[in-house]
Amino acid sequence: MCIFCERARASLDDPLAGLDGVGGWDADSSTTTTTGGSSSRFNRGPRGSREATLTLRQKREAERCEELKRRARLPVTVITGFLGAGKTTFVNHLLSARHGRKLAVIENEFGEVAIDDALLGDGGVERGEEAQQVILMPNGCMCCRVRGDLVDALKRLIVSASERASLGDGDAPQQTQQEADKSPPPPSPGGDPLGGAAAPAVAPPSSEAAVARDTATAGGVEAAPAPAVAGAQLDGIILECSGLDELAPVLQGNGDAKSSTPVEEGAEEEEEAADSSAAAAAAATLVKSQLALSDRVLLNKSDLISPAQGDALVDAVKANFPGAAVTRCERGKVDVDLVLGVESFSLDKALEMDKHFADILADKKKNSDKHDGHHHHHRHGEAKANTPPHGGGEKSAAAAASSPGRDHRHAHDRLGAQSVGVEVAEGPIDWTKFTSWLKGFLEKEGEELIWRLKGVLWTTAANGSGAATTWGWGAGRRTVVQGLYGHFESEVSDWPAGATRVSRMVFIGDLSPRVQEALRAGVRSCVAVRRARPPPPKPRAIAGRERGSGVGGGGGGFASRLGAVKFGGGGNDLFL
Ligand SMILES: Nc1nc2c(ncn2[C@@H]2O[C@H](COP(=O)(O)OP(=O)(O)OP(=O)(O)O)[C@@H](O)[C@H]2O)c(=O)[nH]1
């Protein structure tokens, strides 16, 4: 707060204090003094009804300071939900809807290779009129590994918003609080990736997207102390989907029935069964903990269930989590006012969360020297290095009223998910080959192995036309692949002008090292074979009409003309 504001505040708290020497205060009578030609009256009426009047300049300063404070309040919305629940789809809805806010998305990408950023924002979202911004926080759990990054990102957004506010906004017309709440800070100059186009929002981590999309968020961060922000104990939104058969028991309270059982070393089958049980229990815990912290619950993919199932699920959520507003939707399409700027942050929940963090730290310390007792989640000696830190939502686990004492690591680890990322830039993927390989792989290895796959592929031009790979790659297509549990779909479009062609795929699931390697090799094996360009057509007799048109006159000219039209000027230019 600036010196003027401090004095102004002090004077309003106690008119006898502060402001001395600034405007002049006659303690004994209602007098007016003048400073620098500006009116500076501090009228003292009957005791207790004093009224201070600031100079225009002082008022400006104070207003500016308040403005700065107000603008620094950047609401943050955390979006979380399980793999494939529809978080990215929802964030894209937020980004493209016309709501008058500018949003930044802080996204915790779960996986070795970033995909979600390509699916958000510039990656093909039809944007609304407001500039948007996506900030990536690769591969981490919001509550542990990337917590510091999240705090940093939010701080920078706040600072950048404050800086913008201080740049000449003092003379701007005053907004109503409501307008101000909806009005994002203006872009800052210079293309600063954080301060540039947009104000903040947080996007989901891939799996539990905190968008803080657990991965996702949008909206604002209160200028709260960093730990509070980092805890993502802000507005929680869960996007849950159509897996109602599985979810309903969880919500009914018996989803934890298959809790972990002690596993004996060497009992392979039992261990696998326990793994599966533990994963189910961990998933249940995760869902419950996310729900416990959420103020808004979006039941997405309602198109995939019957109305009766939808009713049952809504009832179950309401019965178990009465604090949450439940909305059914398809493709995340809800009124944005339902989820942005609701300011539903709960201090109680936050405090509980802080306790949870303290527990985690203590637990971490206690176990640092011990062999991990949860050996069943990294079975068959799998390397742990690649185990994704699943779940910003587990941080909520301890905060979940139902299970405050849960071990944070349980939910992380028992999910037992690994991710494999593949990036290929040498050439486009032969789409026909890729689909055939993927189908074969899932048949052979089992569909349940891969929980989630997603990618943006540079595919041969043939994709979409059904034709086999041609001798030239052409411009290639941009193919978005989305898959859940053995089902996958694709969407083909053209690459935006100037975009770098590259293929990126991520697979998430119960992936042993062998399977991980097979997935990497499999994708790479689908790179299109670059065929030699066929020789130009032989010179042939030109029909009279053609000759008359001036196209002919020589076989070389014809071929050259053809090349220019179809292949961009002839030569071996196979890469248009
Ligand atoms: N039928 C149907 N499909 C949907 C709906 N919402 C999203 N999807 C599809 O579900 C798949 C996953 O959606 P995403 O938005 O990528 O899910 P996510 O939660 O971000 O997934 P992760 O990246 O794994 O965390 C995509 O193929 C979407 O097109 C919906 O309401 N109905």
Between the side chain of Asn300 and the main-chain N/O of Gly332, is any donor-acceptor distance below 3.5 Å?
yes
Only one of Ser493, Ser503, Ser490 passes side chain to side chain contact (heavy atoms under 4.5 Å, CB included) with Thr479; say which it is.
Ser490
What residues, two or more places apart in sequence or in another chain, satisfy salt bridge (Lys or Arg N to Asp or Glu O under 4.0 Å) together with Asp311?
Arg328
Could you list the residues that satisfy salt bridge (Lys or Arg N to Asp or Glu O under 4.0 Å) with Asp494, not counting sequence neighbours?
Arg477
Arg478 to Pro496 - nearest heavy-atom pair and separation:
CD-CD, 4.3 Å
Check the pair Val334, Leu298 against side chain to side chain contact (heavy atoms under 4.5 Å, CB included), reporting the backbone distance first and the verdict last.
CA-CA 9 Å; Val334 295; Leu298 303 184; 4.0 Å; yes
CD of Glu491 to CD of Gln482, rounded to nearest 0.5 Å, is 9.0 Å
Go through the steps for Leu519 and Phe507 under the test side chain to side chain contact (heavy atoms under 4.5 Å, CB included), then give the verdict.
CA-CA 8 Å; Leu519 286 168; Phe507 302 88; 3.8 Å; yes
When rounded to the nearest 0.5 angstrom, what distance separates NZ in Lys333 from OG1 in Thr89?
8.5 Å
What is the minimum heavy-atom distance between Ser302 and Cys329, and which atoms define it?
OG-O, 3.0 Å
Interatomic spacing from CG in Leu453 to CG in Leu484 - rounded to 0.5 Å:
8.0 Å
Report yes if the side chains of Phe488 and Val481 come closer than 4.5 Å at any heavy-atom pair, otherwise no.
yes
Enumerate, atom names and distances included, each donor-acceptor pair closer than 3.5 Å involving a side-chain atom of residues 433-443, sequence neighbours excluded.
unit_1, atom_1, unit_2, atom_2, d
Lys433, NZ, Ser525, O, 3.3
Thr435, OG1, Trp431, O, 3.1
Thr435, OG1, Thr432, O, 3.0

Just do the side chain to side chain contact (heavy atoms under 4.5 Å, CB included) check on Ile508 and Val506 with the steps written out, would you?
CA-CA 7 Å; Ile508 299 167; Val506 164; 3.8 Å; yes
Using 4.0 Å as the upper bound for N to carboxylate O, is an ion pair formed by Glu423 and Arg520?
no
Side chain Gln516, main chain Leu511, donor-acceptor under 3.5 Å:
yes
Side chain to side chain contact (heavy atoms under 4.5 Å, CB included) assessment of Asn92 paired with Leu94:
CA-CA 5 Å; Asn92 276 338; Leu94 294 180; over 6 Å; no
Leu299 side chain near Val314 side chain, heavy-atom distance below 4.5 Å
yes
Flag side-chain contact, heavy atom, 4.5 Å: Leu338 against Val336:
no
Residues in salt bridge (Lys or Arg N to Asp or Glu O under 4.0 Å) contact with Arg331, at least two apart in sequence or another chain:
none
For the CH2 atom of Trp451 and the CD atom of Gln418, what is their distance to the nearest 0.5 Å?
8.0 Å
Just how far is it from atom CD of Glu445 to atom CD1 of Ile450, taken to the nearest 0.5 Å?
8.5 Å
